[in-house]
Amino acid sequence: MPELPEVETVRRQLEPRLTGRRVTEAWSHPSPKFVPARELVGKRLGAMGRRGKFLINPIDGEHDIELIIHLGMTGQLLCVDQPPNIENQHLRAWWMLDNETTLEFIDVRRFGRIRVVPSGDYDSIPTLANAGPEPFDESFDAADFWQNLRRSRRPIKTQLLSQRPIAGVGNIYADEALWLAQINPKARRLGRQRADRLLTALREVLEGGLANGGTTLRDYRNADGNKGTNQHQLMVYGRSSRACYRCSAILRSEQIDGRTTTWCPDCQGK
DNA sequence: GTGATAACCTGCTCGC
DNA sequence: TGCGAGCAGGTTATCA
């Protein structure tokens, strides 16, 4: 499940390979989720950027438009030095570039999306339009984070997944950060100190994920088709009914806002 | 504006 | 062995 570390890993790999390349041919699955991919034929790609879990590519030249890609649950962007592998039944779109390389968008569950929008016009993508600050933005501090969290009374886990208080956090890194900060995922109000701890923990787990090339539980692959290794560092995610690494209590799992959430009922509170 | 819920999707696992 | 149910979860749409 690509979250910020996985998306950023892909972005860093794609940027030098795609910048300045012209799209010579494109194909997409007929689903409206992927059809906009075809609009890029003849256009030149800019430097790949990222906002939260969204990849954003400004199209160079006279076209004032941007390519927006969300990997969803199982999306992969592969850059290969050969024609597209049309035998792959999960191939949803591909772009052939003017240097004979191909960018393939593979998505088993079809939760990913491709959009082409006027530059900066994200009204049709509410999650992107309302995304909170980037976790590693130096101008974003704990006071801002605390203020963002105070706007809602929903459980802290739900707030993190909404992308509003901070961008790029998904189910895995939310559980890991809450464990690290010793905060119960059902907490609805955080004091300033706990908000400080949570922001520090979020930055720590996201940084770790990035350093390890992302977390591969099943589907995630980077732009070279390789797995990440951060799954070996997880403290709580996927460890329900096993002993907490910090206090040895048995980890509990429950659905919060429809998402499986794992936490320690002892050192993270009841 | 906020919160809750369902739907979108397909592969895998488990129980019968 | 085959079948059906349940689960995984990020985003969007809809309703209260």
Revision key, fill the gap. To the nearest 10 degrees, the angle between the two end axes of the helix from B/dT2-C/dA16 to B/dC16-C/dG2 (five pairs per end) comes to 40°
Practice item. Go through the N and O atoms of the side chain of A/Arg259 and the base of C/dA8, and report whether any donor-acceptor pair is under 3.5 Å. Key: no
Check your understanding: Between A/Arg51 and A/Glu134, is a salt bridge (Lys or Arg N to Asp or Glu O under 4.0 Å) present by the stated rule, with each step listed?
Key -> CA-CA 7 Å; A/Arg51 182 78 174 87; A/Glu134 285 292 313; 3.0 Å; yes
Check your understanding: Considering residues, nucleotides and ligands other than A/Arg164, do more than 12 of their heavy atoms fall under 6.0 Å from its CZ?
Key -> no
Point to revise | Stretch residues 222-237 of chain A: residues that reach within less than 4.0 Å of DNA chain B through a heavy atom | key: none
Protein N or O to nucleotides 12-16 of chain C N or O, pairs below 3.5 Å:
residue: C/dT12; atom: OP2; partner: A/Thr127; partner atom: N; Å: 3.1
residue: C/dT12; atom: OP2; partner: A/Thr127; partner atom: OG1; Å: 2.3

Review point. Is A/Ile59 close to A/Leu45 at the side-chain level, that is, under 4.5 Å between some pair of heavy atoms?
Key: yes
Point to revise | Side-chain donor/acceptor of A/Glu3 to backbone N/O of A/Ile172, under 3.5 Å | key: yes
Review point. Under 4.5 Å between any side-chain heavy atoms of A/Phe34 and A/Asp107, yes or no?
Key: yes
Practice item. Identify, residue by residue, the members of residues 143-167 of chain A with a heavy atom below 4.0 Å from DNA chain C, and return them in order of residue number, or none. Key: A/Gln163
Exercise for review: Using the rule that two of Ile, Leu, Val, Met, Phe, Trp, Tyr join whenever any of their side-chain heavy atoms come within less than 4.5 Å, decide whether A/Trp95 and A/Trp27 are in one cluster.
Suggested key: no
Check your understanding: Are OP1 or OP2 of C/dC7 and a side-chain N or O of A/Gln255 less than 4.0 angstrom apart?
Key -> no
Review point. Is a side-chain N or O of A/Arg189 found less than 3.5 angstrom from the main chain of A/Arg150, in a donor-acceptor match?
Key: yes
Review point. Base, sugar-phosphate alone, or nothing: which one does A/Thr260 contact when heavy atoms must sit under 4.0 Å apart?
Key: sugar-phosphate
Review point. Can you check the A/Leu71 CG to C/dG10 C1' distance for me, whole Å?
Key: 11 Å
Exercise for review: Name the first nucleotide and the last nucleotide along DNA chain B (5' to 3') that come under 4.0 Å of a heavy atom in chain A.
Suggested key: B/dT2 to B/dC12
Check your understanding: Which part of the nucleic acid, if any, lies within contact of A/Asp257, taking any heavy atom under 4.0 Å across all strands shown: a base, the sugar-phosphate backbone alone, or nothing?
Key -> base
Practice item. Using side-chain contact (heavy atoms from CB on, under 4.5 Å) as the criterion, list what pairs up with A/Arg113, not counting sequence neighbours. Key: A/Lys33, A/Arg115
**Study point:** Distance-only side-chain donor-acceptor flag, A/Arg109 / A/Thr74, under 3.5 Å
**Key:** no
Check your understanding: Taking OP1 and OP2 of C/dT11, is either one under 4.0 Å from a side-chain nitrogen or oxygen of A/His70?
Key -> yes
Check your understanding: Taking A/Glu104 for the side chain and A/Val80 for the main chain, is one N or O donor matched with an acceptor at less than 3.5 Å?
Key -> no
Review point. Counting only heavy atoms not in A/Glu100, do more than 12 fall under 6.0 Å of its CD?
Key: no
Practice item. Answer yes or no: is there a side-chain heavy-atom contact under 4.5 Å between A/Leu78 and A/Asn85? Key: no
Practice item. Determine whether A/Asp98 and A/Arg44 make a side-chain contact, defined as any pair of heavy atoms from C-beta on separated by less than 4.5 Å. Key: yes
Review point. Does A/Val169 offer a backbone N or O that forms a donor-acceptor pair with the side chain of A/Gln163 under 3.5 Å?
Key: yes
Practice item. Using a strict 4.0 Å threshold on nitrogen-to-oxygen distance, state whether A/Arg17 and A/Asp224 make a salt bridge. Key: yes
Exercise for review: Rounded to the nearest angstrom, tell me the gap between atom NZ in A/Lys33 and atom P in C/dG10.
Suggested key: 14 Å
Review point. Okay, side chain of A/Asn57, backbone of A/Gly46: is any donor-acceptor separation there less than 3.5 Å?
Key: yes
